[in-house]
Amino acid sequence: MKICVLNGSPKGEKSITMQYVRFLELANPDHTFISCQISRKISGIEKKPEEWESICSSIRDADLILWATPVYFQHVPAQYKRFVELLFERNAVDLFAGKYAASISTSVHFFDQKVHEYLQGISEDLGMTYAGSFSAAMNDLFEEKNQRQLVLFGKDILSACSEKRSAIRAYPRIPTGSPVYTPGTISPVETHGKKTLILHDAASGSNLEAMVRQMATGLPEAKTVHLDNIGMKGGCLGCCQCAFDNTCIYSDGFCSFWKEQIEQADIIIYAGSVRDRYLSAAWKQFFDRSFFLGHVPRFQNQQLVIVVEGPLANVPGLRENLTSLLGGGNLVDIITDEPENSSLIDAVIRSTAERAVQASRDGYKKPPMFPAVAGHIVLRDAVWGDLRPIFRADHRYYKSHGLYDFPQYQYRKRFSRFFFSLLMGLPFVQKKIKPAMKDQMAKPFDRIFSESLVLKQVQRS
Ligand SMILES: Cc1cc2nc3c(=O)[nH]c(=O)nc-3n(C[C@H](O)[C@H](O)[C@H](O)COP(=O)(O)O)c2cc1C
């Protein structure tokens, strides 16, 4: 069988992910693996017809397409995303239709599932049968038990292909087009000196452009900047040289833009359009390039609004991605152009602008939910563990900002929990406690209601 490996790592053959592919290849000597360096060569693939044709011919000849990619910023690298866009722009769907597809990634397991969801959705959009995914941690291959699992994955996807195994589509097709948004008149909000930055990649004449303009009307002193004008000359190369001191090898102005514009804003508005099952590759490049900041929260008590053109409700995975981009900030809302009623969109833009200013003045931040809480723990352990020797800037930041909040360091709590556990181990104590559990759990809150200074202040005001 012929397997066409589409490598998403900008590091090319030297990538970690490709070592996993190499292992698969060695474990399956009866099959032919052809690797295409998609992300490393994206510029040539986009501009040179012969490079595009060479990839197309490898895909055409293959029985199985293996998407092989690192996880970059909770998704595939921007260069790979651009390749997916090219497939649809250049009507390459016929090359893939009827084939089998599978995906393999390496990562530190931070939102790695998003990559496989995306690649499954894209495989299905391309008319392929998706045979399965394998998401490895970077160093998994050093252990025999993981090597065995990788061999089994290879066996499974190859037999799916040879047996022509059936599969049920998991991600329905996404409708195209949005109702036309015709902005009406909205009044500006009082910004109280709060600085707003609107960052967008709107095409001229698009709904997104109209929404961006309307947002700028609502927040009159807002600075509006197109992604084309922030100095990005290319995608993240994955070199990780920034890990030592947050200095990117690019000197194209992107990092200064981040420091001077993004970090200085009180309210940040990201505006983009749904392109296949994500935003554009330009947005992805923006997110990837922010990796020069390492694994630290991107925002400091800033308020964020996301404006989306396109059928976001039909791509729930993208909404999940967008809501988990925002470490350290507060997501005020996500606004889309999906409603048919333009005045509803106007009203939401106006009220969201007002809420963003108010939240910024109040210092409001919603409590983190599972993705942020779990994500913090994954990154904390990775930075403290395997990443520490290289990601030195992260280590300094985590130490100085109290992000190494391991439970085993909470000595007082550990001490009291130890005695509490001993007590709870005694059968006669359990007998007494069990019927009173509900009351006992709610009881400590009584003290808050009578003693809370916050409550007293609010009641007085
Ligand atoms: C720009 C960038 C972004 C990354 N984002 C993530 C991420 O969101 N989640 C994750 O688990 N790992 C992330 N990683 C780690 C890579 O996925 C991991 O190092 C992977 O093994 C690299 O594979 P490669 O050598 O094939 O490129 C990121 C690495 C880079 C350079």
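All ligand and atom numbering here is 1-based and tracks the order in the structure.
The cationic atom of Arg380 (NZ for Lys, CZ for Arg) does not lie both less than 6.0 Å from the six-membered ring centre of Trp384 and within 45° of the ring axis. Judged by the 6.0 Å and 45° rule, Arg289 forms a cation-pi pair with Tyr250.
By the 4.0 Å N-to-carboxylate-O rule, Glu143 lies close enough to Lys145 to be salt-bridged with it. Salt bridge Arg165/Asp156: present, at least one basic N to carboxylate O contact under 4.0 Å.
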Polar pairs, ligand 1 vs protein, N/O only, below 3.5 Å.
| residue | atom | partner | partner atom | Å |
| --- | --- | --- | --- | --- |
| ligand 1 | 5 (N) | Val71 | O | 3.3 |
| ligand 1 | 5 (N) | Phe73 | N | 2.8 |
| ligand 1 | 8 (O) | Phe73 | N | 3.2 |
| ligand 1 | 8 (O) | Gln74 | N | 2.8 |
| ligand 1 | 9 (N) | Phe110 | O | 2.9 |
| ligand 1 | 11 (O) | Val108 | N | 2.8 |
| ligand 1 | 11 (O) | His109 | N | 3.2 |
| ligand 1 | 11 (O) | Phe110 | N | 2.8 |
| ligand 1 | 14 (N) | Val71 | O | 3.1 |
| ligand 1 | 17 (O) | Val71 | N | 3.3 |
| ligand 1 | 17 (O) | Val71 | O | 2.7 |
| ligand 1 | 17 (O) | Thr106 | O | 3.3 |
| ligand 1 | 21 (O) | Thr106 | OG1 | 2.7 |
| ligand 1 | 23 (O) | Thr106 | OG1 | 3.3 |
| ligand 1 | 25 (O) | Lys11 | NZ | 2.7 |
| ligand 1 | 25 (O) | Ile16 | N | 2.7 |
| ligand 1 | 26 (O) | Ser15 | OG | 2.9 |
| ligand 1 | 26 (O) | Ile16 | N | 3.3 |
| ligand 1 | 26 (O) | Thr17 | N | 2.9 |
| ligand 1 | 26 (O) | Thr17 | OG1 | 2.6 |
| ligand 1 | 27 (O) | Ser9 | OG | 2.6 |

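Under the 6.0 Å cut-off for aromatic ring centres, Trp283 and Phe73 do not qualify, their centroids lying 6.0 Å or more apart.
At a cut-off of 3.5 Å, with distance as the only test, a side-chain donor of Asp276 or Tyr118 sits close to an acceptor on the other residue.
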